[in-house]
Undergrad: 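Structure in structure tokens, see below.
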Amino acid sequence: MENFPFHDGSIYDMLDTRHTDTRPDVNHSLQMHSSLVRRLSQERELEGHQGCVNAISWNSKGSLLISGSDDTHINVWSYSSRKLLHSIETGHSANIFCTKFVPETSDELVVSGAGDAEVRLFNLSRFSGRGLDDNAITPSALYQCHTGRVKKLAVEVGNPHVVWSASEDGTLRQHDFRQGSSCPPAGSSHQECRNILLDLRCGAKRSLADPPKQTLSLKSCDISSTRPHLLLVGGSDAFARLYDRRMLPPLTSCQKRMSPPPCVNYFCPLHLSEHGRSSLHLTHVTFSPNGEEVLLSYSGEHVYLMDVNHAGGRAMRYTVGDASKIMSFTPTLNGLELQPPIHDFLQTNIRVRGEVATGLGKCRMLVEIARNSLEEGKHPYYGIEACNEVLEGHLSGIGPMLRHECLCIRAALLLKRKWKNDAQMAIRDCYNARRIDSSSFRAHLYMSEALEQLCKYKEALDFAIAAQCLDPSNSVMAEKVENIKKHIAAEKNNKANDGGSRSEPRTGRVLSLSDIIYRSEANSDASQDGPRSEREDSDYDEEVEVDFHTSVPGDEGRDVEANFLHGSLNVRIHRRGDSARETVDANGSSGSPSSSSQNDRIPYQPETVIDMKQRYVGHCNVGTDIKQASFLGQRGDYIASGSDDGRWFIWEKQTGRLIKMLLGDEAVVNCVQCHPFDCVVATSGIDNTIKIWTPSASVPTIVSGGAAGPDTADVLEAMESNQKKLSRNREHSLSYELLERFHMHEFSEGSLRPFECAQS
């Protein structure tokens, strides 16, 4: 696949034609061209921080780069000289997680948000005439109204007066510099800051079918640069939410919890919408440069691309039950399924336009590569990439039979590879293949195998029997049917045995941490995506209250070895329906969302959700919850993400094809930010330096090393290792939930800076 050209064509042809090309974005396409991206290598390493660099951002002109770090400093760098211009001693008492230039202020105003729950505004003009070492200035504004870590800031193009902050306390606040430069600390008796734009303290959903109840700890937010009234947020559940600021209620205070306001759209891949695993959460959400797409990055998951569907109606939608529908066998009559068609979330994807098949020869060659990969026992990865190229890159030029062939081959390769959620992707392909040919033996066979991998044996049996009917002479199918029946019988026996123990009274029973860990592992996705019946039958809610008292010796933890905490941990498990599960607001008083008594009488109507249109795999996002996924270039033709293995990855947006893998940190790359106009990328992570990447390599390659050392040329080895980490993520789930609640309530002294570096 490495020898096949990318969809942006030859850069030499583009250079020849740009003088006659009348398209306004012709130069935009040159910024991040594949031939330049594949030459990216580390040009410079910016030194100036003394801790992990958690945030980087360019100014609108691309002349300055700003960074925030665990050392509580904001650094401002010159793009042209690659030198440090200013280093601000912010006064934050915990790690800085986000920092931005305020638009239309001549780059003089910068804002920061940190783990101490504060938002601070600084005026760089106060540095005039000072030396680089004279870096302590008083903030121009100080907002202390959040009660949880501030994880992301957003600004609006052309608006110099307002900044928005997203916090783990479940609120998104709007700070208007014209209305005041300070507010009392959270919990103060005088606090009455009416700056809450989104109150999502009762906004998190366990699954699509469940009503929002828990606090949605916000991790990320973004404002569309093309339609600035659109606001995107993501947090501690699987659903990103799109709001229209013009339709939101007036700003409120924190004194009273409000019901979550209605949003314009929910975004979530179909296979994650009914997961019910509380550790599944978003780490980053962002709009595409043209505002028509959004990118979601999940902890313990992959990166997903979706259409905004603001007005065009192009996005693929689904609602409750659609996930089970595509996994359920329905008989056919004269080629027509005997069930009403489910929502257009998959039908949109299988329309074949009757255009001239200009690339038909290339498509057939790619399908042959994929078929050989399947039959000859080669690694499935490159065969899957070949299928992606056909199905995502040349859909309009292929007929239904070639599409059916490619779908079946890709499904088989996905089942063979067995990376996380590959079985779910195979189910999508089999569903689409059956819609093309309802009597397809392979589509039924691979659907059965995919459902087996998900431990959905009853559904798998239906498709296996259907495949057997389509090919009665196939002895393998007869054996498969019998094996699935044995699995179902064993499952029934296990449930019967469990029934006796579950019927025993549980009064006074105390769960140990090992009990919780066992439940977490047993109820996590079996075979990476498996059933959750035991979780559903449990009498215990997953709400875990944590009382964690820490004491770190030394000067506020600055000289203590990272990753060590000293203290005691107390865990309490509440049963479902326990009266102790009364919500408590930030001031410690009991409360509930406004008008909740009325809402309890109204049956909950689950929302319609926009599904994924592309998935990007190969990286690992488990260790930190500030890991970004970004669009590269003004056209956003490429997708980039950091990774827990110290690398960062670049994919072609249209096909999901990996184009570059770069080694950018000794531990973890968290931040990836493309220059506004040039083919330049800045990255940062656990290292205390920022790396600048430019297309300076002499030849294009798929891998590139950096200051962290030479990279392995075995791309598959690196990606396989990352997939194993994702598969082991279930062991991380309990730790994440405990730490999440700990950070929400017990961080005020700011003594956990060394620990944050590895667990931010």
Side-chain angles (χ1 to χ4, degrees), residues 6-40 43 56-66 79-80 100-101 103-104 107 154-159 222-228 230 232 284-297 303 305-308 310 312 613-614 616 628-642 648-657 659-660 662 671-683 692-696 700:
F6 290 87
H7 286 267
D8 51 11
S10 167
I11 192 171
Y12 302 107
D13 295 339
M14 192 172 293
L15 288 170
D16 289 339
T17 59
R18 67 174 176 168
H19 298 293
T20 58
D21 198 327
T22 58
R23 292 178 300 168
D25 65 341
V26 62
N27 288 325
H28 296 175
S29 61
L30 291 173
Q31 179 192 1
M32 280 290 168
H33 193 276
S34 59
S35 61
L36 299 178
V37 173
R38 299 186 74 212
R39 284 179 165 84
L40 283 175
E43 178 217 272
I56 52 177
S57 180
W58 298 94
N59 67 341
S60 59
K61 298 177 182 178
S63 58
L64 299 172
L65 178 70
I66 190 171
Y79 172 57
S80 58
K100 291 272 189 183
F101 288 99
E104 305 300 327
D107 300 319
V155 295
E156 176 186 352
V157 175
N159 187 343
D222 195 22
I223 290 178
S224 172
S225 60
T226 57
R227 294 191 291 263
L230 294 182
L232 183 68
H284 191 70
V285 297
T286 186
F287 284 100
S288 63
N290 65 5
E292 297 297 328
E293 298 167 317
V294 296
L295 197 63
L296 312 184
S297 180
V303 174
L305 179 72
M306 301 171 185
D307 278 321
V308 169
H310 179 66
K613 71 174 187 179
Q614 189 55 268
Y616 307 97
Q628 298 177 356
S630 306
F631 292 91
L632 299 186
Q634 297 177 77
R635 290 175 31 142
D637 288 336
Y638 295 95
I639 304 298
S641 173
W648 61 286
F649 292 71
I650 305 176
W651 301 271
E652 190 177 38
K653 182 184 76 173
Q654 182 178 356
T655 64
R657 176 181 174 185
I659 184 173
K660 190 79 172 179
L662 308 98
C671 305
V672 181
Q673 290 294 311
C674 184
H675 188 274
F677 309 111
D678 295 341
C679 185
V680 176
V681 181
T683 64
I692 303 296
W693 307 82
T694 59
S696 52

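The shown structure was predicted, so the numbers you read here are calculated from the model rather than taken from an experiment.
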Undergrad: Suppose we screen for ring pair (Phe, Tyr, Trp, His ring centres under 6.0 Å). Which residues come up paired with Tyr616, at least two apart in sequence or across chains?
TA: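 With neighbours one apart ignored, the set is Trp651.
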
Undergrad: Looking at side-chain heavy atoms only, is the closest gap between Val681 and Met32 below 4.5 Å?
TA: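 Val681 reaches Met32 side chain to side chain.
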
Undergrad: Please check if the side chain of Lys613 supplies one atom and the backbone of Leu305 the other of a donor-acceptor pair under 3.5 Å.
TA: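 Looks like no, no N/O pair under 3.5 Å.
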
Undergrad: State the CH2-SG distance between Trp693 and Cys674, to the nearest 0.5 angstrom.
TA: 14.0 Å

Undergrad: Backbone N or O of Val672 within a donor-acceptor pair of the Ser630 side chain at under 3.5 Å?
TA: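 Confirmed, Ser630 side chain pairs with Val672 backbone.
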
Undergrad: I'd like to know if the side chain of Gln31 and the backbone of Gln634 have a donor-acceptor N/O pair within less than 3.5 Å.
TA: yes

Undergrad: Only counting residues at least two apart or in another chain, list the ones meeting side-chain contact (heavy atoms from CB on, under 4.5 Å) with Ser80.
TA: Ser78

Undergrad: Name all residues meeting the side chain to side chain donor-acceptor pair (under 3.5 Å) criterion together with Thr226; count only those two or more places apart in sequence or in a different chain, and write none if there are none.
TA: Ser224

Undergrad: State, to 0.1 Å, how close Lys100 and Ser57 come at their nearest heavy-atom pair, and which atoms those are.
TA: CD-OG, 3.9 Å

Undergrad: Dump the intermediate steps for salt bridge (Lys or Arg N to Asp or Glu O under 4.0 Å) on Arg227 and Glu292, then the final yes or no.
TA: CA-CA 10 Å; Arg227 294 191 291 263; Glu292 297 297 328; 3.4 Å; yes

Undergrad: Please check: side-chain N/O of Trp58 versus main-chain N/O of Gln673, any donor-acceptor pairing under 3.5 Å?
TA: yes

Undergrad: Got a donor-acceptor contact below 3.5 angstrom from the Gln614 side chain to the Gln654 backbone?
TA: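 Yes; at least one donor-acceptor contact below 3.5 Å.
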
